[in-house]
**Q** 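Here it is: the structure, laid out below.
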2 protein chains.
Amino acid sequence: MTTSRPGRATLATIAQAAGVSIATVSKVVNGRDDVSPGTRAMVEELLRRHYYTGRGGTRQPTVEVVFAGPLAAYSNEVLEGVLRAAAEPPGVAVMLSKGRTGIDTGAGAPVTPTSWALGVAKAGRSAVISVSNEMTVEDATALAGANVPLVVIDPLTPAGADVTSVGATNYAGGISAAEHLLSLGHTRVAYLGGDLEAGCNQARWQGFRSTLETAGHPVRDDLVLHETFRYAAGVAAGGALLDRQHPPTAVFAGSDEIAVGLIEACRRRGVRVPEDLSVVGFDDTQLAEFCSPPLTVVRQPLREMGRVALRTALRLAAGASVDSHHVELATSLVVRASTAAPRQR
Amino acid sequence: MTTSRPGRATLATIAQAAGVSIATVSKVVNGRDDVSPGTRAMVEELLRRHYYTGRGGTRQPTVEVVFAGPLAAYSNEVLEGVLRAAAEPPGVAVMLSKGRTGIDTGAGAPVTPTSWALGVAKAGRSAVISVSNEMTVEDATALAGANVPLVVIDPLTPAGADVTSVGATNYAGGISAAEHLLSLGHTRVAYLGGDLEAGCNQARWQGFRSTLETAGHPVRDDLVLHETFRYAAGVAAGGALLDRQHPPTAVFAGSDEIAVGLIEACRRRGVRVPEDLSVVGFDDTQLAEFCSPPLTVVRQPLREMGRVALRTALRLAAGASVDSHHVELATSLVVRASTAAPRQR
DNA sequence: CTGAAAGCGCTTACAG
DNA sequence: CTGAAAGCGCTTACAG
C-alpha cells in the first residue's frame, strides 16, 4: 500500500488515512457538530499529523510573540532582536500579543489553553515565542497538540526537557557581579533581587552568593532580599536597606529596574552613587544607559536572545530538530559609573 | 442591467465588470506576465474597487504597526495603547514591523512603495498604523491605491488633508511648560528641542516661546537649540548649555530622552536638579517616571493615542468615514521632582 | 495576449 | 452520524 503524499495534505489525504469520506473530514475541519466524537477525535489527530493547513496553503509565515506584563525596557530589547532577525530574508511577519489575546477563538467563548492554541494554529502562526511569561504547562501542551512550536525566552521555571527555551548564563552573571565588587574592595554587600520563584533570579543570587562566600565575605542573611523585578521594589526595599543602622557599601540588583529604583531611593536620602554606595544592575536595557549615573551592569544579550529564539522557532516550524532544548547565551560585565571603591572608614 | 453583488467579490464578479474571462482575472491576481499592461491595469483597478480578497475571504483581521527608529520608551507606550485596544472584542491581531519589512514582496526584489503596499494588501492587513515615521507621500499614495487605510501617529510633517493622523496638543503643551516655569519664578529659560523639521517640535517651541514673550521674558536666541529627540543630544547640547558663562535656570526639553540626557550632563558637572537647574521633559514615558529625580513633564497621552489610532484604523477599514482627518489629544502637566524655584542670586 | 475547458480542493443540502 | 453528488471558486495547460 503506497500512500502517495507528494505536496501538502488535502482533505482527500486525510479522508483516505482515516477511512472516512472527504465530506466528514471537511465537517471536522469546519467544526460542524454532526460528527461523532470518536470520528472527530481520530480525524483531528490525523489533521495534525499531516500538518493540514487548508487550501490557502502556507500564508505569509508568521511568528507570534507573547508578552506577559506591560511592555518595558526589557521587552524592547528582546523585540528588537526578534524584529531584526525576522526582517532577514526570506522574512517572517511578527505578531505581538499579550497573554492569550489577538486570536479569535469564536464568539465570546472563554479562552482556554486549548481554544487559544487551536486559534493560533488556525490563524496560521508558524510558531509562538513566549517572553518571561509563565506559560502554563497546559498552554504548552495545547500548543504542542496543535502542532505549533513554542520557544520560551528567559523561562521563569527551569526548562523542562519538552520545552525549547533561550536564556542567559545567570549564574555566571552573578559571579561576575561579585568579582567586580570584590575587586573594588567591597565586603559588606547586599543582594536586592527579583521574584524568588523565578529561576533566573535564583541563579543570579547563587552565583553571587557562592563567589562572596568563597572569597571569605559571605553575604549576611539580613542583606538578602527577594522582591520583584520592578522599579517600585527598588525604591521601597532598596530604601529600607539604606535606612539600616549598618547599610551595605554595595548592592547587586536583580534587574535594571530595581537598580534604578534603588538609585532614586539614594537620591531621596542624599546617598551618593557611587561615592557612598555602589550599584550593579542586571540586564543592560536602555534604563542602564540612561540612568544617572550610568549603571554598571551584568549585561544579558537580550537582542541576541530574541534573534536566537526566532531562528530556533523557525527551524522547529520547518520540521527540523534542535540540538539542544535550552540555549544559554553569555552574560558580560559592563562597567559604567555606578560602582567605585568603598569609602575609607 | 442589474449587476448582482451579494456577498464578497469573486473572480467572476471582476471578470464580468471588466468584460474579460475569469482566467484572465486569475492571471492578474496571481501576477502572471501573460496579460497585456492595459488589461492588467484595468483589472487591478476593478479588484481594488470591489475589495477583492480571494477565496480565503476575511482572514483574521490584522493591523500592521510600522515604526521607524529603534523601539524605545516612547514606542512602548504607543504599543501598549494599540495592543489594549486590539484586545477588546472582537479583537484584531497586531503585526509589528520596522520600515517596509515583514511583507513578502517576492523573490529578493527591491521593495518599492508600490510593491510594499501591494504586499500589505495581499497579506490581508486591514490597515496600517505608522508611528513617528516619515511615511513618504509615495508610501501613503501606494497604500491608498491598494485600498489599505493608513493612520499616522504623531506625524512629523503637518497632516495633509488626505492622511488621517493622531497627535497631541503640542502647542498647548509648550504653553503649560512655560507657565509652570514662570509660576516658579524662572525668567532665564532655555529650549532644548528635537528635530527642527518635526512639526511636533515646532509646535512645542512656539507654544513655549509665545507664552514667555507675552509674560515679558522672551527666550534669548542663544538659549534655543534644535537638536534631535535623542538622549545623546541632551548630554552633548545640554552640557554645552550648562557650560555657558550665564547658564539658564531652567530648561524645557523637547522629549523625555533629551531631558534625561541633560540630567546626566548636570550630574557630570555637579549641577543639582532641581536646586541649580529645573528641567521639564515632554512625553511622560517610563523614562520620566524612573528618572532620578523623577521628571516634571508635559504628558502626551501616548497610550490613548495608540488606542485612538487603532480604533480609527478599524473604522476606516470597515469602510466608515472619520469625522476629522486629524485628532489631537490633550497634553497635561505632570509635576514631579525636577522643577523648583530658582535659587536666590 | 486571451479564453474555453478540464480539473482540483472544498462545502453543503440531502438521502439514507 | 455518514457520504454521494452537485456545485463553487479558483488555476492552468493549451488552442487560437
Side-chain angles (χ1 to χ4, degrees), chain A residues 2-60 104 106-107 118-119 121-124 146-147, chain B residues 2-60 104 106-107 118-119 121-124 146-147:
Chain A
T2 321
T3 309
S4 74
R5 39 160 128 165
R8 196 162 293 283
T10 66
L11 287 192
T13 318
I14 309 297
Q16 194 194 19
V20 298
S21 72
I22 288 177
T24 299
V25 179
S26 174
K27 287 172 187 170
V28 172
V29 168
N30 292 288
R32 312 239 155 225
D33 54 9
D34 55 345
V35 181
S36 72
T39 304
R40 178 188 306 281
M42 177 188 55
V43 170
E44 279 178 341
E45 170 59 20
L46 258 357
L47 286 168
R48 267 182 236 133
R49 198 131 72 202
H50 287 87
Y51 300 99
Y52 178 78
T53 56
R55 67 183 150 194
T58 348
R59 320 183 192 183
Q60 186 187 28
D104 182 11
L118 255 33
K122 191 169 181 182
N147 251 311
Chain B
T2 320
T3 310
S4 73
R5 37 161 132 167
R8 200 161 291 284
T10 67
L11 288 190
T13 318
I14 310 298
Q16 193 194 19
V20 298
S21 72
I22 288 176
T24 299
V25 179
S26 173
K27 288 172 187 170
V28 172
V29 168
N30 291 290
R32 313 239 155 225
D33 53 9
D34 56 342
V35 180
S36 71
T39 304
R40 179 187 305 281
M42 177 190 52
V43 170
E44 280 179 339
E45 170 59 20
L46 257 358
L47 286 169
R48 265 182 239 132
R49 199 133 68 200
H50 288 85
Y51 301 99
Y52 178 79
T53 56
R55 66 182 150 195
T58 346
R59 318 180 195 189
Q60 186 187 26
D104 182 13
L118 255 32
K122 192 169 182 183
N147 251 310

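Because the structure is a prediction, the values reported are computed rather than measured. Here is the naming used below: chain letters follow the sequence lines, and residue numbers restart at 1 for every chain.
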**Q** For B:D34, check salt bridge (Lys or Arg N to Asp or Glu O under 4.0 Å) against everything at least two apart and list the hits.
**A** B:K27
**Q** Between CD of B:E45 and CZ of B:R40, what distance do you get to the nearest 0.5 Å?
**A** 15.0 Å
**Q** Quick one: is D:dC1 close enough that its OP1 or OP2 comes under 4.0 Å of any side-chain N or O from A:S36?
**A** no
**Q** Decide yes or no for B:N147 and B:L47: does some side-chain heavy atom of the first lie under 4.5 Å from some side-chain heavy atom of the second?
**A** no
**Q** Looking only at side-chain N and O atoms, does B:T10 come under 4.0 Å of OP1 or OP2 in D:dC8?
**A** no
**Q** Can you sort out the partners of B:I22 under side-chain contact (heavy atoms from CB on, under 4.5 Å), two or more places apart, ordered by chain and number?
**A** B:L11, B:A12, B:A15
**Q** Quick one: which of C:dC1, C:dT2, D:dT2 gets closest to the side chain of A:V35?
**A** D:dT2
**Q** Stem list for DNA chain C, please, built from Watson-Crick and G-U wobble pairs under 3.5 Å and keeping only runs of at least 3.
**A** C:1-3 with D:14-16, C:5-12 with D:5-12, C:14-16 with D:1-3
**Q** What residues form a side-chain contact (heavy atoms from CB on, under 4.5 Å) with A:A146, not counting sequence neighbours?
**A** A:A117, A:L118, A:A121, A:V148
**Q** With A:V28 as reference, evaluate A:I14, A:V43, A:V20 under the side chain to side chain contact (heavy atoms under 4.5 Å, CB included) test and give the passing residue.
**A** A:V43
**Q** Give me each pair satisfying salt bridge (Lys or Arg N to Asp or Glu O under 4.0 Å) with a member in residues 11-25 of chain B, each pair once, sequence neighbours excluded.
**A** none
**Q** Send over the distance from B:R40 CZ to C:dT2 P, rounded to a whole Å.
**A** 10 Å
**Q** If you compare all heavy atoms of B:M42 against all heavy atoms of B:A18, which two are closest, and at what distance to 0.1 Å?
**A** CE-O, 3.6 Å
**Q** Could I get a table of every N or O pair under 3.5 Å where one atom is in the protein and the other is in nucleotides 12-16 of chain D?
**A**
{"unit_1": "D:dT12", "atom_1": "OP2", "unit_2": "B:R32", "atom_2": "NH2", "d": "2.5"}

